[in-house]
Colleague: 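Structure incoming, see below.
Remember, it's 1-based here, ligands and their atoms both numbered in the order they're listed.
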Amino acid sequence: MKIITYQPDESGLAYAVGTTLDRFIKLKQGDFPFASGELSQLLRDIALAAKIVNREITRAGLSNIGGAFGQTNVQGEEQQKLDVIANIRFIRALSKGGEVCAIVSEEEDSVIDLQNSSGKYVVAIDPLDGSSNIDVNISIGTIFSIYRRKTPAGSPVLKEDIMQAGREQVAAGYVLYGSSTMLVYTTGCGVNGFTYEQSLGEFFLSHPTIHAPKTGAIYSVNEGSINEWEDGIKHYITLCKERGYSARYIGSLVADFHRNLLKGGVYLYPATLKNPSGKLRLLYEANALAFIAEQAGAMATDGVQRILDIVPTDLHQRTPLMIGSSEMVTEAGKMISAFTEKAMYS
Ligand code: AHM
Ligand code: MG
């Protein structure tokens with residue numbers, strides 16, 4: 001009888017393309033010697049909720065869950081039915097798991113204290129980002145940040161557990177509901193992307209160890225607001241055009257960010273007259289993507305300072321955001337700072 005020896009694939013099995021998300025999370029847990037498995041379980045809970053939300057999104061056109069819900073959220077934005085459904089699904093998943101003590105959500109005015117004081121983690125989440133694209137079958141996303149609470153487990157949740165700078169994140173990720181559904185996340189040891197295989201109901205590793213190109217030829221900005229911008233950003237966009245860069249703007253932050261992360265490019269949402277602090281929210285939009293960007297070798301600033309260094313003072317605080325390929329973010333920042341200084345001394 002002839003016996004042949006099985007040859008594992010080139011990456012030594014562990015992080016091979018095609019590894020299921022569950023298995024990957026379990027293998028990665030080994031990178032942290034004292035990990036108790038709670039963060040791993042929390043990531044699995046988020047992945048499960050993402051599958052459920054994905055199911056709702058893919059059949060939205062058929063099941064009368066498109067359109068407005070009839071109420072506005074704390075930011076005064078009209079809530080869509082799917083915003084509300086996604087919020088419920090994620091909160092339910094996070095509250096059932098037992099690892100989380102509190103949640104900050106774009107759709108909720110206040111912090112949700114889960115009355116689970118033994119939970120070690122705080123989650124900030126935008127359950128469904130890109131609301132204006134929900135009804136027209138264009139990519140939308142979920143964005144999440146995970147923090148370890150500052151106060152000891154077993155005690156009440158306090159402000160210091162919630163209002164942490166982005167650099168304190170222990171994990172962050174996004175789900176992109178696009179032409180395929182992807183979950184991309186980091187626990188601070190690189191960024192990995194998983195593609196959802198609908199018929200099997202599993203996320204599989206498809207984009208291991210994502211490295212963002214240092215520069216690119218794509219700029220993503222809502223140019224319709226140009227008359228509301230300061231001079232620095234106007235000049236940067238003029239420069240992008242002179243260089244013949246492509247303009248690509250979906251209006252779903254996750255989708256625009258994801259494309260630029262893989263292809264090289266910069267996403268900009270500057271301060272405008274209407275939104276002097278920018279539009280995007282620090283706690284559950286900018287911070288998560290900034291953590292992922294840095295882990296992939298890209299960058300995120302508010303035009304002047306690193307997003308991850310901003311200490312929040314308000315739950316739904318907004319920030320300007322320049323995020324993407326490091327050389328492009330740096331160049332945009334220099335132009336913004338130069339014009340800000342010029343304005344100060346003129
Ligand atoms: P939302 O959280 O209400 O969906 O708003 C955030 C979205 C981002 O996904 C997107 O990049 C941006 O708002 C688009 O805003 P605008 O329509 O002003 O360009
Ligand atoms: Mg949002």
Side-chain angles (χ1 to χ4, degrees), residues 50 53 57 60 66-69 71-87 89-91 103-109 123-145 166 172-178 182 184 218-229 233 237 247-261 265-290 292-293 300 302 307 312 314-324:
V53 170
I57 290 168
F69 178 63
Q71 282 180 25
T72 52
N73 65 15
V74 66
Q75 1 260 329
E77 299 156 344
E78 186 175 58
Q79 286 181 308
Q80 304 298 304
K81 285 184 200 163
L82 268 170
D83 278 331
V84 177
I85 291 170
N87 190 43
R89 293 298 188 185
F90 278 102
I91 291 174
I103 303 170
V104 177
S105 165
E106 176 173 335
E107 304 305 330
E108 305 283 343
D109 302 10
V123 174
I125 190 161
D126 181 352
L128 210 55
D129 184 64
S131 301
S132 64
N133 286 326
I134 289 177
D135 275 349
V136 285
N137 207 0
I138 293 176
S139 300
I140 44 184
T142 295
I143 310 172
F144 61 91
S145 286
Y174 60 83
V175 185
L176 172 60
Y177 310 96
M182 281 194 71
V184 176
I218 295 174
Y219 69 98
S220 311
V221 71
N222 185 344
E223 239 175 309
S225 309
I226 192 163
N227 292 336
E228 295 193 40
W229 298 345
I233 186 82
I237 298 303
R248 292 282 183 275
Y249 189 71
I250 295 171
S252 281
L253 173 60
V254 171
D256 280 312
F257 173 76
H258 181 73
R259 182 201 49 246
N260 294 349
L261 187 72
V266 63
Y267 171 99
L268 310 109
Y269 207 113
T272 61
L273 288 175
K274 197 168 101 198
N275 294 307
S277 305
K279 178 185 179 190
L280 300 167
R281 275 53 57 114
L282 178 65
L283 258 73
Y284 40 79
E285 292 176 327
N287 271 343
L289 300 187
I292 293 167
D302 65 358
I307 290 289
D314 184 81
L315 215 51
H316 299 285
Q317 169 172 347
R318 294 172 194 265
T319 177
L321 180 64
M322 323 282 139
I323 192 166

Colleague: Inside 2.8 Å of the Mg ion (ligand 2) but strictly below it, how many protein N/O/S atoms are present?
Modeller: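 Atoms of protein N, O or S type lying less than 2.8 Å from the Mg ion (ligand 2) total 4.
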Colleague: Atoms of ligand 1 less than 4.0 Å from Glu106 heavy atoms?
Modeller: 1 (P), 2 (O), 3 (O)
Colleague: How far does CG of Asn287 sit from CG of Leu321, to the nearest 0.5 angstrom?
Modeller: 10.0 Å
Colleague: With sequence neighbours excluded, what pairs up with Phe257 under the ring-ring contact (aromatic ring centres under 6.0 Å, His included) test?
Modeller: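 Once residues adjacent in sequence are excluded, the partners of Phe257 under the ring-ring contact (aromatic ring centres under 6.0 Å, His included) criterion are Tyr174.
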Colleague: At under 4.0 Å between heavy atoms, is it the side chain or the backbone of Asn222 that contacts ligand 1, or both, or neither?
Modeller: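 Side chain only; the backbone of Asn222 stays clear of ligand 1.
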Colleague: Looking at ligand 1, does any of its N/O atoms fall within less than 3.5 Å of an N/O of Ser131?
Modeller: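 Yes, there is a polar N/O contact under 3.5 Å.
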Colleague: Side chain, backbone, both or neither: which applies to Asp126 and ligand 1 if a contact is any heavy-atom pair less than 4.0 Å apart?
Modeller: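 It is the side chain that touches ligand 1; the backbone stays farther off.
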Colleague: Would you mind listing which atoms of ligand 1 come within a distance below 4.0 Å of any non-hydrogen atom of Tyr267?
Modeller: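 Once the distances to Tyr267 are compared, the set is 10 (C), 11 (O).
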Colleague: Is there a nitrogen or oxygen of Leu280 sitting under 3.5 Å from a nitrogen or oxygen of ligand 1?
Modeller: no
Colleague: Identify, with sequence neighbours excluded, every residue that meets salt bridge (charged side-chain N to carboxylate O under 4.0 Å, His left out) alongside Asp256.
Modeller: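 If we apply the salt bridge (charged side-chain N to carboxylate O under 4.0 Å, His left out) test to Asp256, skipping adjacent residues, the hits are Arg259.
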Colleague: Backbone, side chain, both or neither: what part of Ser252 comes under 4.0 angstrom of ligand 1, heavy atoms only?
Modeller: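 Only the backbone of Ser252 comes within reach of ligand 1.
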Colleague: Taking only residues two or more places apart in sequence, or in another chain, which ones meet Glu223 in a salt bridge (charged side-chain N to carboxylate O under 4.0 Å, His left out)?
Modeller: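 With neighbours one apart ignored, the set is Lys241.
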Colleague: Under 4.0 Å from any heavy atom of Glu285, which atoms of ligand 1 are there?
Modeller: 2 (O), 6 (C)
Colleague: Can you sort out which atoms of ligand 1 are near Tyr269, meaning under 4.0 Å from one of its heavy atoms?
Modeller: 15 (O), 16 (P), 18 (O), 19 (O)
Colleague: Could you tell me which atoms of ligand 1, counted from 1 in the order shown, lie closer than 4.0 angstrom to a heavy atom of Gly130?
Modeller: 4 (O), 9 (O)
